[in-house]
Amino acid sequence: GENVEQHPSTLSVQEGDSAVIKCTYSDSASNYFPWYKQELGKRPQLIIDIRSNVGEKKDQRIAVTLNKTAKHFSLHITETQPEDSAVYFCAIQRAASKIIFGSGTRLSIRP
Amino acid sequence: ETGVTQTPRHLVMGMTNKKSLKCEQHLGHNAMYWYKQSAKKPLELMFVYSLEERVENNSVPSRFSPECPNSSHLFLHLHTLQPEDSALYLCASSQDGDYEQYFGPGTRLTVT
């Protein structure tokens with residue numbers, strides 16, 4: 001069935017370094033690829049998204065790249081800061097009711 | 001209060017109890033969702049309501065029964081739950097045509 005695999009499950013980086021999280025998927029009909037951030041004890045919140053007609057999108061220190069042919073997309077965080085520590089979820093979606101989340105990546109930023 | 005709210009925030013119930021979770025959205029959205037978040041499956045979609053009609057039911061056991069009386073309110077009725085149903089239950093809403101999910105703070109459910 002449709003699924004999305006997210007790697008790595010945990011990631012620890014030095015403050016100031018970059019972090020990359022990757023998701024691969026199987027549903028070729030997916031056309032919306034969001035990333036959500038969930039801080040400890042808080043609700044998930046959208047941080048960036050990309051649609052299938054775009055290859056890359058950037059918002060300050062975060063960026064998302066999409067390769068539809070290879071069916072994978074990645075989240076890039078540059079110049080990491082302590083407040084970037086959280087669990088990050090990717091998702092694939094092809095309709096409002098058809099959304100599947102990845103298993104999450106716990107990102108820790110070392111001071 | 002703005003955004004998506006959920007009550008109660010914490011709930012402990014026995015396996016023979018009946019309880020309900022409530023979600024309310026103040027964003028004018030027309031789609032609402034129930035998710036289960038646990039250590040085994042971090043964000044698992046359970047039900048989707050669009051324009052107050054259920055459009056998705058991801059093979060959820062019948063001991064979970066959703067209700068959407070209007071576009072602003074969503075309930076999850078619980079009965080004869082199992083200990084493995086202990087999890088964080090998140091409600092979310094979105095506007096048709098815009099896929100972004102707006103999550104509530106969740107209800108931490110413990111089944112004893």
Side-chain angles (χ1 to χ4, degrees), chain A residues 1-11 21 23 25 27 29-54 57 59 62 64 66 73 75 86-107, chain B residues 1-6 9-10 23-25 27 29-60 66 68 71 74 87-108:
Chain A
E2 304 155 0
N3 73 322
V4 54
E5 292 189 6
Q6 183 171 344
H7 297 281
S9 57
T10 60
L11 179 61
I21 304 169
C23 287
Y25 62 96
D27 181 16
S30 294
N31 56 15
Y32 178 67
F33 307 89
W35 286 91
Y36 288 81
K37 175 183 180 183
Q38 187 175 25
E39 296 179 43
L40 188 62
K42 296 191 176 181
R43 69 193 77 187
Q45 289 189 296
L46 180 74
I47 56 170
I48 196 167
D49 56 13
I50 193 168
R51 294 192 181 269
S52 58
N53 57 348
V54 177
K57 183 176 179 181
D59 182 3
I62 59 173
V64 56
L66 171 65
F73 58 111
L75 176 70
V87 178
Y88 292 81
F89 294 97
C90 67
I92 59 172
Q93 201 164 352
R94 55 179 166 93
S97 62
K98 299 291 185 186
I99 181 169
I100 301 173
F101 281 87
S103 54
T105 296
R106 184 173 300 279
L107 175 63
Chain B
E1 192 170 357
T2 58
V4 182
T5 58
Q6 290 185 242
R9 295 295 306 276
H10 300 272
C23 175
E24 185 173 358
Q25 60 96 3
L27 299 169
H29 290 166
N30 57 12
M32 298 188 76
Y33 309 72
W34 278 118
Y35 288 88
K36 177 183 179 182
Q37 187 170 43
S38 63
K40 289 186 178 180
K41 291 189 177 181
L43 269 173
E44 188 178 1
L45 182 63
M46 299 174 71
F47 301 105
V48 181
Y49 276 82
S50 178
L51 299 171
E52 300 153 40
E53 287 193 26
R54 191 190 308 180
V55 297
E56 194 75 19
N57 177 346
N58 284 339
S59 304
V60 180
C68 187
S71 60
L74 185 66
L88 180 68
Y89 288 84
L90 288 161
C91 173
S93 69
S94 73
Q95 181 60 32
D96 206 21
D98 179 3
Y99 293 172
E100 180 178 355
Q101 305 274 297
Y102 290 78
F103 286 90
T107 295
R108 174 69 61 186

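Throughout, protein chains are lettered first and strands after them, A, B, ... in sequence-line order, and every chain is numbered starting at 1. Everything numeric in this text was worked out from a predicted model, so none of it was measured.
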Relative to chain A, which segment of [X] carries a heavy atom at a distance below 4.5 Å: side chain, backbone, both, or neither?
| X | answer |
| --- | --- |
| B:Y102 | neither |
| B:Y33 | side chain |
| B:L43 | both |

Atom group of A:R94 that falls short of 4.5 Å from chain B, counting heavy atoms: backbone
Portion of A:P34 that has a non-hydrogen atom of chain B nearer than 4.5 angstrom: neither
CD/A:Q45: more than 12 non-hydrogen atoms of other groups inside 6.0 Å: no
Value rounded to 0.5 Å, distance of CG in B:L90 from CD in A:Q38: 6.5 Å
Straight-line distance of B:S94 OG to A:L46 CG, nearest 0.5 Å: 12.0 Å
Main-chain N/O of B:Q101 paired to A:Y36 side chain as donor or acceptor, under 3.5 Å: yes
From CA spacing to verdict: side-chain contact (heavy atoms from CB on, under 4.5 Å), A:N31, B:Y99: CA-CA 10 Å; A:N31 56 15; B:Y99 293 172; 3.6 Å; yes
Which of A:I99, A:V87, A:I100 touches chain B most, by non-hydrogen pairs under 4.5 Å: A:I99
Minimum heavy-atom distance A:R43-B:G104, with the two atoms named: CB-O, 3.2 Å
Which atom of B:P42 lies closest to which atom of A:S103, heavy atoms considered: CG-O, 3.0 Å
Criterion side-chain contact (heavy atoms from CB on, under 4.5 Å) on B:Q37 and A:F101, from CA distance to verdict: CA-CA 11 Å; B:Q37 187 170 43; A:F101 281 87; over 6 Å; no
